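Working notes for the structure below.
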Amino acid sequence: MYALVDCNNFFVSCERTLDQSLEGKPVVVLSNNDGCVVSRSKEAKDLGIPMAAPAFKYKELFKQHDVKSFSAKFELYNYKSQQVIDISKSYVMDYEIYSIDELFLDLSGFKYVDIHEYCFKIKDDIYNKENIPVSIGIAPTKTLCKVANRIVKDFPEQFNGIYILDTPEKIEKALKWLPIEDVWGIGRRLAVKMHDSGVYKAWDLLQKPEMWVRKIMGIHGVRMINELKGIRQLELDSPSPKKSIAVTRSFMEMLTAKEEVRERVETFGMYCSERLRKQNTCCRMVTVFVQTNRFRKDLPEYRNAITQILPNPTNSSILIGRVVNELFEAIYRDGFHYKKAGVIVNDFVPEDERLISLFEEDTQNQHLPVMKAMDAMNKKFGKDKVRLGSMSGENTFGRAQLSPEYEAFLKSNTLPEANFRFH
DNA sequence: TCTGGGGTCCTAGGACCC
DNA sequence: TCTGGGGTCCTAGGACCC
């Protein structure tokens, strides 16, 4: 059996560890620029605030019901996440970190242990030490763990945070209850196709011929069906180095000056380079994109992206910055109101296995010591203390004022690397 | 006034090879 | 008259996840 440990409304729970008085009140956490809602307490959900709700549309409601809202504090969330992982993994031999607020535990080999009781101990331990409430869903496959977790959350009084989905009878009952769109791996598009074909519950999908599923959903669908039947198709993954790194942001205000956009894009490129060096890889591809505000139908729309394959893999901020600049020049058009831009790097090779083109000058190795020194100084003295001349050094992204509790937290903790998948 | 920021995997089609 | 077939690699786009 696997267990899925899922932190309840994780970002909000993290905020509550800093301020106990938030307990029992409606609380939301907002994305960058305080744009939209990314985490909601139960009380906030009950007020009808949907996930990803644009904050400006709900301002009145927030005021009316005294909803507390916070800007995201990712250092805090990453730190708490690591604490939860450390506690959970101490109970098992094998585990998989699935996201910032979820991890799978391998319970095979626990034949003679009362799994239910054991998972209660994990849950209580996490709550006692870290003040983070979790739900645990237990089942023979990952997909069924997700279902079990959903059941825990939908029937809180009945299950008290833990549910085991093990017998065929329980599985059948659960799948006849679960809407198809809530199955792990069914997104918005597939949900529509499912409804069109009369599939409304997870159970209905199992009644469809395999060929049909294969045609509509590809190989995912076949795996999904087996997983729902309790036949294991997905193993626990061991942590793997990233295959792409992206730094993208929406701007607080729309930008019309070329140099302002350039400065941001160059900064994004530098962040990408830093993250490449952190995992000791070089990239062979760089992509730059810019776009206008797609919600402003009154303004002309423009979006473009361009990718360059590098002759020699690199993680030098200087070399990547140069490429980013060229690409930016190639796609930037005057006369638009830019709202968002980003840099994405991919196609990685380990730093020490680079194959060098014979015909292109390669200065990566000259840059590396300087870059590593820059990284070390930034680590010691704070983010962006040492930077390239092209960066303005201004804080270009908005963030609300930090609470005193959070300032205290930042001072008192050595923060772990922020390399989790989001959420 | 104001709408997030990351990631992964799969597939179809084209280029190219013999 | 008649115009191969199989394979790989790459890329863009689409789907999904949190």
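Each chain gets a letter, A, B and so on, in the order its sequence line appears, and its residues count up from 1. This one's a predicted model, so the numbers in the text were calculated from it and none came from an experiment.
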- Query: Between K146(A) and dC18(C), does any side-chain N or O lie under 4.0 Å from OP1 or OP2?
  - Reply: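 Yes, because at least one side-chain N or O of K146(A) sits under 4.0 Å from OP1 or OP2 of dC18(C).
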
- Closer than 4.0 Å, any side-chain N/O of S99(A) to the OP1 or OP2 of dG7(B)? no

In whole angstrom, give the distance that lies between atom [atom1] of [X] and atom [atom2] of [N].
X       : N       : atom1 : atom2 : result
R223(A) : dC9(B)  : CZ    : P     : 10 Å
K242(A) : dC17(C) : NZ    : C1'   : 14 Å
D101(A) : dG5(B)  : CG    : P     : 19 Å
L30(A)  : dG5(B)  : CG    : P     : 13 Å
N78(A)  : dG5(B)  : CG    : P     : 16 Å
N8(A)   : dC18(C) : CG    : C1'   : 15 Å
N346(A) : dC9(B)  : CG    : P     : 13 Å
Y271(A) : dG7(B)  : OH    : C1'   : 20 Å

- Message: As a check on the pairing definition, encode DNA chain B in dot-bracket form, counting Watson-Crick and G-U wobble pairs whose two distances are under 3.5 Å, and using | for partners outside this strand.
- Response: ....||||||||||||||

- Task: Return the minimal non-hydrogen interatomic distance between V37(A) and F62(A), and the atom names on each side.
- Result: CG2-CZ, 4.2 Å

- Message: For L228(A) versus I171(A), what's the shortest heavy-atom pair and its separation?
- Response: O-CG2, 3.7 Å

- Query: Which word best sums up how the rings of F159(A) and F155(A) line up, parallel for under 30°, tilted for 30 to 60°, or perpendicular for over 60°?
  - Reply: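 Geometry flag for F155(A) against F159(A): perpendicular rings.
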
- Task: Among residues two or more places apart or on two chains, list those pairs meeting salt bridge (charged side-chain N to carboxylate O under 4.0 Å, His left out) that have a residue in residues 130-157 of chain A.
- Result: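 Pairs touching residues 130-157 of chain A that pass the test: D6(A)-K153(A), K80(A)-E130(A), E96(A)-K142(A), E102(A)-K146(A), R150(A)-D154(A), R150(A)-D182(A).
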
- Item | Pair listing, salt bridge (charged side-chain N to carboxylate O under 4.0 Å, His left out) test, anchored in residues 195-213 of chain A, at least two apart | none

- Query: Does H220(A) have any side chain to side chain contact (heavy atoms under 4.5 Å, CB included) partners at least two apart in sequence or in another chain, and if so, which?
  - Reply: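 Side chain to side chain contact (heavy atoms under 4.5 Å, CB included) check on H220(A) returns R223(A).
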
- Task: Name all residues meeting the side chain to side chain contact (heavy atoms under 4.5 Å, CB included) criterion together with R296(A); count only those two or more places apart in sequence or in a different chain, and write none if there are none.
- Result: M254(A), N293(A), D298(A), L299(A)

- Side-chain contact check for K243(A): nearest option of dG6(B), dT8(B), dG4(B) is dT8(B)

- Applying ring pair (Phe, Tyr, Trp, His ring centres under 6.0 Å), name anything that partners Y200(A), two or more places apart in sequence or on another chain. H195(A)

- Query: Do we get R264(A) above Y338(A)'s six-membered ring, with its NZ or CZ under 6.0 Å from the centre and within 45° of the axis?
  - Reply: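 Ring-cation test returns no.
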
- Item | Sub-6.0 Å ring centroid separation between Y271(A) and F268(A) | no

Sub-3.5 Å pairs of nitrogen or oxygen atoms, protein against nucleotides 11-15 of chain B:
{"residue": "dT11(B)", "atom": "OP1", "partner": "R214(A)", "partner atom": "NH2", "Å": "3.2"}
{"residue": "dT11(B)", "atom": "OP1", "partner": "I219(A)", "partner atom": "N", "Å": "3.3"}

- Message: So, using side chain to side chain donor-acceptor pair (under 3.5 Å) as the criterion, who are the partners of K121(A) when residues are at least two apart?
- Response: none

- Message: Tell me every residue that passes side chain to side chain donor-acceptor pair (under 3.5 Å) with D166(A), counting only those two or more places apart in sequence or in another chain.
- Response: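 Testing D166(A) for side chain to side chain donor-acceptor pair (under 3.5 Å), a comparison that skips the adjacent residues, returns K170(A).
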
Which atoms of nucleotides 1-3 of chain B (N or O only) lie under 3.5 Å from a protein N or O atom, and what are those distances?
{"residue": "dC2(B)", "atom": "OP2", "partner": "R296(A)", "partner atom": "NH1", "Å": "3.3"}
{"residue": "dT3(B)", "atom": "OP1", "partner": "K339(A)", "partner atom": "NZ", "Å": "2.1"}

- Pairwise P distance, dT3(C) and dC17(B) [rounded to whole Å]: 25 Å

- Test salt bridge (charged side-chain N to carboxylate O under 4.0 Å, His left out) applied to E172(A) - qualifying residues, sequence neighbours left out: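 Listed in chain order: K176(A).
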
- Query: Going by an N to O cut-off under 4.0 Å, is there a salt bridge joining R277(A) and E351(A)?
  - Reply: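 Salt bridge absent between R277(A) and E351(A).
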
- For DNA chain B, the residues among residues 177-204 of chain A that have a non-hydrogen atom under 4.0 Å from it: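 Listed by number, there are none.
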
- Message: For a quick check of understanding: with a heavy-atom distance under 4.0 Å over all strands, which category does I309(A) fall into, base, sugar-phosphate or nothing?
- Response: sugar-phosphate

